[in-house]
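Below: the structure, in structure tokens.
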Amino acid sequence: MNERAYFDWNATAPLRAEGREAMVAALSLPGNASSVHSEGRAARKLIEAARAQVAALVGTEPKNVTFTSGATEANMLALTPALESGGRKEPRDRLLVSSIEHPSVSCGGRFAASQIEQLPVDSNGVVDLDALKAALAKAERPLVSVMLANNETGVIQPIREITAIVHAANGILHVDAVQGAGRIDCDITALGADLLSLSAHKLGGPQGAGALVRHSSVVGGIQIAEPLIRGGGQERWLRAGTENVAAISGFGAAAEAANDARQADAIRMAALRDRFEAALKVHTPATVVFGATAERLPNTSLFAAPGLKAETAIISFDLNGVAVSSGSACSSGKVQISTVLTAMGVEPELARGAVRVSLGWTTTEADIDLLLNAWMRVASSLLKRDQRAA
Ligand code: PMP
């Protein structure tokens, strides 16, 4: 079978045409953006144009955008005790992270293990706000990191409420907005977050580019007193090293395209995702869709059928022409029980079978047909076999 359908957009999205064109154009330029000659200034111009495009995606001014090699680096840059608020040179004394964060946040950045506390979530994977308040009460100058939307379930966090709680407790809020950007409104001012991480390759830009964005209206501003990568004045001394002009350009162009198409894409993806989930329930009524009653991204569905094993299901989907992933697309390539589902209190037996389907702006009805046909085959063969082996 030659026909294939790609349903792993939360792992990475295909490069948008706008992103590719911008990258190809940038690759033809010889200049280093730090050079003062015309070639250098041309490279600088591309970076600054991209900065404006990324800033527009999150509703801020270009000067608040710092380019990085991706969201992992942006998260590492943000999660440091050396964050100064309102000009006060006092280190953050505690890091509170939700228990469903991406590993680049849950590892705690540059905080000591003894300073990090995990916040529980409810059965939908939404942060427990009472637990947040209780944890904040124990810290003097906390930094809190909560993601906008979860990469496995697509569940969206109540960031505005969290902002109000964190700020009332003298805290700073960092939001990993990687999965939300380009899919739902990601305006940093509306969200109220102090710092926001973005990744280019989830919204149609290249892999290996991202940004940390600062809120502009914090009185006195949030200063990152310790860069992660030192040794040069690039990115206003926050990120040393010659800029990857082509990747940054591709990021900017993709951010603009994603922003322009966001609302129409979201409506289309949600309709396709809902059609898939409805059919899933009809064909295999015992299937559980995780976070189904919570507010979710329009493109994500994480589900499991009792008795299913994710590793065999993914291979079987692949043989049927469909690329899906397990709940946690583990970077080591192994399928492990998802920490997100564990934090949500899902039984390990069910969590072992969690399969994630994530859609994108080119997903069609025909792709959903292929996915459903594949599921029918996977369900009838694997469910029987895995149940026999259990
Ligand atoms: N945070 C979230 C929620 C993610 O899904 C990812 C990518 N899987 C990252 C951070 C890391 O992004 P990057 O690949 O740009 O390092």
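Every heavy atom of this structure was used, including side-chain atoms; hydrogens, water molecules and symmetry mates were not. Read the numbers this way: they start at 1 and go in the same order the structure lists the ligands and their atoms. It should be emphasised that the depicted structure is a prediction, and the values quoted were computed from it without experimental measurement.
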Inset, instruction - Check whether any side-chain heavy atom of T342 sits under 4.5 Å from a side-chain heavy atom of I337, and report yes or no. - result: yes
Legend entry - A169 to P142 - nearest heavy-atom pair and separation: O-CD, 3.9 Å
Legend entry - Residue Q263 excluded, over 12 heavy atoms near CD under 6.0 Å: no
Inset, instruction - Ignoring hydrogens and angles, state whether a donor on the side chain of N75 or T72 is under 3.5 Å from an acceptor on the partner side chain. - result: no
Enumerate, one pair per line, all nitrogen or oxygen atoms of ligand 1 lying under 3.5 Å from a protein nitrogen or oxygen, stating the separation to 0.1 Å; write 'none' if no such pair exists.
from: ligand 1; atom 1: 1 (N); to: D176; atom 2: OD1; distance (Å): 3.4
from: ligand 1; atom 1: 1 (N); to: D176; atom 2: OD2; distance (Å): 2.6
from: ligand 1; atom 1: 5 (O); to: Q179; atom 2: NE2; distance (Å): 2.8
from: ligand 1; atom 1: 8 (N); to: H102; atom 2: NE2; distance (Å): 3.4
from: ligand 1; atom 1: 8 (N); to: K202; atom 2: NZ; distance (Å): 2.8
from: ligand 1; atom 1: 14 (O); to: H201; atom 2: NE2; distance (Å): 2.8
from: ligand 1; atom 1: 15 (O); to: A71; atom 2: N; distance (Å): 2.8
from: ligand 1; atom 1: 15 (O); to: S199; atom 2: OG; distance (Å): 2.7
from: ligand 1; atom 1: 16 (O); to: T72; atom 2: N; distance (Å): 3.0
from: ligand 1; atom 1: 16 (O); to: T72; atom 2: OG1; distance (Å): 2.6

Legend entry - Distance under 6.0 Å and angle within 45° of ring axis: R16 vs W361: yes
Legend entry - R44: salt bridge (charged side-chain N to carboxylate O under 4.0 Å, His left out) partners, not counting sequence neighbours: E48, E243
